[in-house]
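Quick caveat, the model's predicted, so the values are computed rather than measured. In the text below, chain A, chain B and the rest are named by the order of the sequence lines, each starting its count at 1.
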Protein chains: 2
Amino acid sequence: MLSEANQSVLTNLHGKRLHEAIVEQFHYWIQKGILEHGAKLPAERVLAEQLKVGRGSVREAIRTLELQGLVTSKQGSGTFINTQNLNAVASLMTFSLIESLGDGEAQLKDIFEVRHLLEPQLAALAAQRATPEDEERLSAILVEQLRQIMEGETGVDADTEFHFALATATHNTALIKVVSAVEDVLRQSRDQTLQQPGRPERSLNSHRRILEMIQAKDDLGALAAMEHHLTEVEPSSINPHAQEQVT
Amino acid sequence: MLSEANQSVLTNLHGKRLHEAIVEQFHYWIQKGILEHGAKLPAERVLAEQLKVGRGSVREAIRTLELQGLVTSKQGSGTFINTQNLNAVASLMTFSLIESLGDGEAQLKDIFEVRHLLEPQLAALAAQRATPEDEERLSAILVEQLRQIMEGETGVDADTEFHFALATATHNTALIKVVSAVEDVLRQSRDQTLQQPGRPERSLNSHRRILEMIQAKDDLGALAAMEHHLTEVEPSSINPHAQEQVT
DNA sequence: ATATATAATTGGTCATACCAATTTATGTGA
DNA sequence: TCACATAAATTGGTATGACCAATTATATAT
């Protein structure tokens, strides 16, 4: 099996950490079919000796493989290959593809796209379900946003708060989690977006329109208002042009 | 900061492994805002002492957090919180979604509602952007799903894989992360859903229809097909009736 | 042959020691 | 005083050895 696993197998450490090299070795073995589904790995101690590494490194590697869904460990019995779980292999393949894409602005555009998918419908839901307390809360946030803007701030915090409160008004806990995650990522960049002159005021105005629609229980109106709002606050940097901004 | 981290913090080991409990503790700290982006963690040795655990367990926990994109370690300097990247947010999202799911089926309904908001539009996007490779991949998954069904299985894995691949076909990394988080949470319950007679076949058929629409680049058709699919696979357990199932 | 008790196996955890990269402190010379 | 080289302290990375806990394999008694 893996008996010929000597130090020569793990020599490709390009600054990589040892357990990472071990993980790659297993990826190779699995992909090559040397380790099939259900196969039992040698005991950690044996594996450590065969690979000429410490047991700790083996364990850290196994931890990684376990998180990737490729193996499962059970105390007393052993560690087993688990390729039945397609999620594991497939998601890892796409993983490497995705990771190669830079962490630059492409992701920001993606996030806005997610917002476009989610938030208009979210607004519609909120219009259907918002309680008087929800509406009051949204209204209070807009007051705060106005105050921040008048004091020369951008109003980012209030802006984020508004979207979060809107999610809360749907009374859907899962939706709240998802939206707050997305908004969290956005908050960093949102400050820049709102830096452009006139943007904070326009954002506030479209927020007001959304709230009006919600108060009127007009779900389709809320949907449209949110769609409009998102289009308006969208950073122009998503466009290839207009890259220059005051730093 | 985390100075008050004594053994009482990690007492919730419901058969969980120690390093897993440590990971959860960090999830909590990060989500609670106690650990913000860029924050430097205490040294592994210190952390081990504070948590009253061995350094090895701390390292295995850090390995997990690193794989989830929540921290990055660099030899000589330290380990730092990193919540800027999308992987990190997705990890925390899954974590908190699962956490809130504990109470019962009320939240399951919420998750399905999120799917109803997201996936039809996701399908439409996929129809616009899917490459021939994406379509081939989707097609292959349906073949696998058919195989699983013919062997008497429910085809959950292939089912989950299909939705994930669909997200991939949008070529929107953020969307992929969000959807996979939602799907991850759903996979557990989906097995039950598909247990009902006829369900697996109907699921496969509606998957086929979605793929056809995508191949025809018919985005609105894909949207409608997905909407239909979701309505069809929706667990009747959301309904108070029809609880009895063959064990 | 079956059931039970015992031993061996194996993952899970802890402690200690040393290595390697990095950071910080120190000292020396201009 | 400042700059820069050097040394020390810090911190993640790895290796060993030990012991615990769950599981499996073996042996023993009935």
note: Ile62(A), atom CD1; dT13(C), atom C1'; distance rounded to Å ~ 15 Å
Regarding the side chain of Ser73(B), the nearest nucleotide among dC14(C), dG13(D), dG12(C) is dG13(D)
Atom CD of Gln75(A) and atom P of dT9(C) are separated, to the nearest Å, by 17 Å
Thr79(B) side chain N/O closer than 4.0 Å to the phosphate oxygens (OP1, OP2) of dG12(D)? yes
So with a 6.0 Å cut-off around CD of Glu136(B), is the heavy-atom count from everything else above 12? no
On DNA chain C, more 5' by nearest nucleotide between Gly76(B) and Arg59(A) is Arg59(A)
Can you tell whether the side chains of Glu60(A) and Arg17(A) come within less than 4.0 Å, N to carboxylate O?
no
Contacts of Ser57(A) and Gly78(B) projected onto DNA chain D by closest heavy atom; the upstream (5') one is Gly78(B)
Checklist entry - Under 3.5 Å, is there an N or O donor on one side and an acceptor on the other linking the side chain of Arg45(B) and the base of dG12(D)? => result yes
Against the side chain of Arg55(B), the closest entry in dT22(C), dA17(C), dG11(C) is dA17(C)
Any luck finding a side-chain donor-acceptor pair between Thr131(B) and Asp134(B) under 3.5 Å? yes
Could you tell me whether Gly54(B) contacts a base, only the sugar-phosphate backbone, or nothing, with contacts defined as non-hydrogen atoms closer than 4.0 Å? sugar-phosphate
With a 4.0 Å limit, can you tell me whether His19(A) has a side-chain N or O closer than that to the phosphate oxygens OP1/OP2 of dG13(D)? no
Closest of dT22(C), dG13(D), dG12(C) to the Arg17(B) side chain is dG12(C)
Residues Arg115(A) and His163(A): side-chain donor-acceptor under 3.5 angstrom = yes
ask   = Parallel under 30°, tilted from 30 to 60°, perpendicular over 60°: which one fits the rings of His207(B) and His229(B)?
value = tilted
To the nearest angstrom, the CD-P distance between Gln50(A) and dT10(C) comes to 12 Å
In whole angstroms, the gap separating P of dG12(C) from CD of Glu44(A) amounts to 6 Å
Considering only heavy side-chain atoms of Ser77(B), the closest of dT22(C), dT11(D), dG13(D) is dT22(C)
